[in-house]
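FYI, side chains are in, hydrogens and waters are out, and symmetry mates aren't considered; it's all heavy atoms of this structure. In listed order, ligands and their atoms are each counted from 1.
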Amino acid sequence: MKKQLVQVGFFTPDLQRQIDSEFDSVKAELADAGLRATVQGLITRSNYQLPQALLEELPALRVIATSGVGFDGIPVSYAQQRGIVVTNTPGLLDAAVCELGIGLLLAMLREIPQSDRFVRDGAWAQSVYPLTSSLSGKRIGIIGLGRIGKGMAARLEAFGVSLAYSGRRQEESPYRHVASPLALAQEVDVLLVCCKGGEQTRHLVNAALLEALGQGWLVNLSRGSVVDESAVFQALTKGSLRGAALDVYEQEPLVESPLLGLKNVVFSPHAGSATVETRAAMLRLTLDNLHAVLGGKAALTPVPTVD
Ligand code: DGY
C-alpha cells in the first residue's frame with residue numbers, strides 16, 4: 001500500500017503523476033481530520049510558505065520534504081524541536097538558476113522583452129529602437145557568493161566583466177571581497193542578489209543601498225524578502241535605478257504591484273529551477289528523501305539543524 005502524504009503547493013502535471021505513482025498524496029486543504037491525525041510525510045516546494053499552524057495539526061508528522069533548496073518558508077526550528085526531519089534538494093538546481101540569471105541580466109541590459117514588443121506591435125516601421133547597454137565591461141557586484149553566486153561569477157567571466165562580491169565571510173575565490181553590501185553597491189554597475197532569504201537578510205537591498213548603487217541595475221535571484229520592492233519602485237521611477245530583473249517577490253505570485261507598470265523591469269515567475277530536467281531531478285531526490293525517512297532510514301539530504 002502506498003504511504004500517505006500531505007501536499008502543500010502545486011507540481012506540474014507530469015511531476016504530480018510521479019508523486020501519485022509512489023505515494024497517496026492529498027492537498028493539505030483537502031486533508032480530513034483522520035488523515036491529519038496520522039499522516040507522517042509532507043511534500044512541498046520551496047516557493048510556498050508552510051504555516052506552523054498546519055504542522056501543529058499534524059501530530060504524527062516525521063518528515064517534511066521540500067523540492068527546492070531554500071527552506072526559509074518552513075518553520076524549521078519548530079519542526080526540528082518536534083523531531084521532524086526537514087529535507088531539501090541542494091546541488092541540483094544551480095545550473096538552471098544561473099542560466100535564468102544570465103538570461104535575465106541580458107534581457108534587462110539589452111531590453112529583450114521590450115524589443116520583442118516593439119517588433120510585435122509594428123513600431124519598427126515608424127522608428128528605431130533606442131540603444132541599450134552592453135554587459136561587456138560592466139562592474140558586477142554579487143551579494144552572496146554561495147553556489148548560485150559562484151555559478152553566476154563563473155559564467156559571467158566569459159562576458160568580459162569585472163567581478164566583486166560581499167558576503168558574511170571572505171571565500172576562497174578569485175574575486176574581490178568587499179566588506180559590506182553597501183560598499184559593494186557604491187562601486188558597481190550591476191548588483192546581483194544571490195544570498196539566502198530569511199530574517200537575517202530581510203530588506204538588505206533597501207533605499208540606502210539603491211541610493212549607493214545610483215545609476216545601476218539590479219537582479220534578484222535570491223528571495224523576494226531580501227529586496228524592499230517599494231524602494232526599488234521609488235528608485236526606478238525617480239530615474240536613479242536604470243533597470244531591474246526579478247525572479248522572486250515579496251508576495252508570490254506577483255499579481256498586483258506598481259512594478260508591473262514599469263517598462264524597465266524584466267519579470268520571471270520564480271522560475272530559476274523551472275526546467276523539465278532540473279525539476280525531475282529535484283522531485284526524484286524529494287521522493288527518495290520521503291521513502292528513506294518513512295522507511296526508517298536516514299534522510300539523504302536533511303537541512304542543517306537550526307537553533
Ligand atoms: C529554491 O529551490 O529555493 C528555488 O528558489 C526554487 O524554489
Who pairs with Glu22 by salt bridge (charged side-chain N to carboxylate O under 4.0 Å, His left out), at least two apart in sequence or on another chain?
-> Arg284
Given the options Gln7, Gln16, Gln4, Ser25 meets side-chain hydrogen bond (donor to acceptor under 3.5 Å, both in side chains) only with Gln7
Tabulated below should be the N or O atoms of ligand 1 paired with protein N or O atoms at under 3.5 Å; can you produce that?
unit_1   : atom_1 : unit_2 : atom_2 : d
ligand 1 : 2 (O)  : Val69  : N      : 2.5
ligand 1 : 3 (O)  : Gly70  : N      : 2.8
ligand 1 : 3 (O)  : Arg223 : NH2    : 2.6
ligand 1 : 5 (O)  : Arg223 : NH1    : 2.8
ligand 1 : 5 (O)  : His270 : NE2    : 2.8
ligand 1 : 7 (O)  : Asn47  : OD1    : 2.7
ligand 1 : 7 (O)  : His270 : NE2    : 3.2

Does a donor on one side chain and an acceptor on the other come within less than 3.5 Å for Arg279 and Thr12?
-> no
Name all residues meeting the side-chain contact (heavy atoms from CB on, under 4.5 Å) criterion together with Arg176; count only those two or more places apart in sequence or in a different chain, and write none if there are none.
-> Ala164, Val178, Glu187
Under a 4.5 Å cut-off applied to non-hydrogen side-chain atoms, are Ile64 and Phe71 in contact?
-> no
Connected hydrophobic set around Leu15, excluding itself, where side chains approach under 4.5 Å | Leu5, Phe11, Ile19, Phe23, Ile43, Val63, Val85, Leu283, Leu287, Leu290, Val293, Leu294
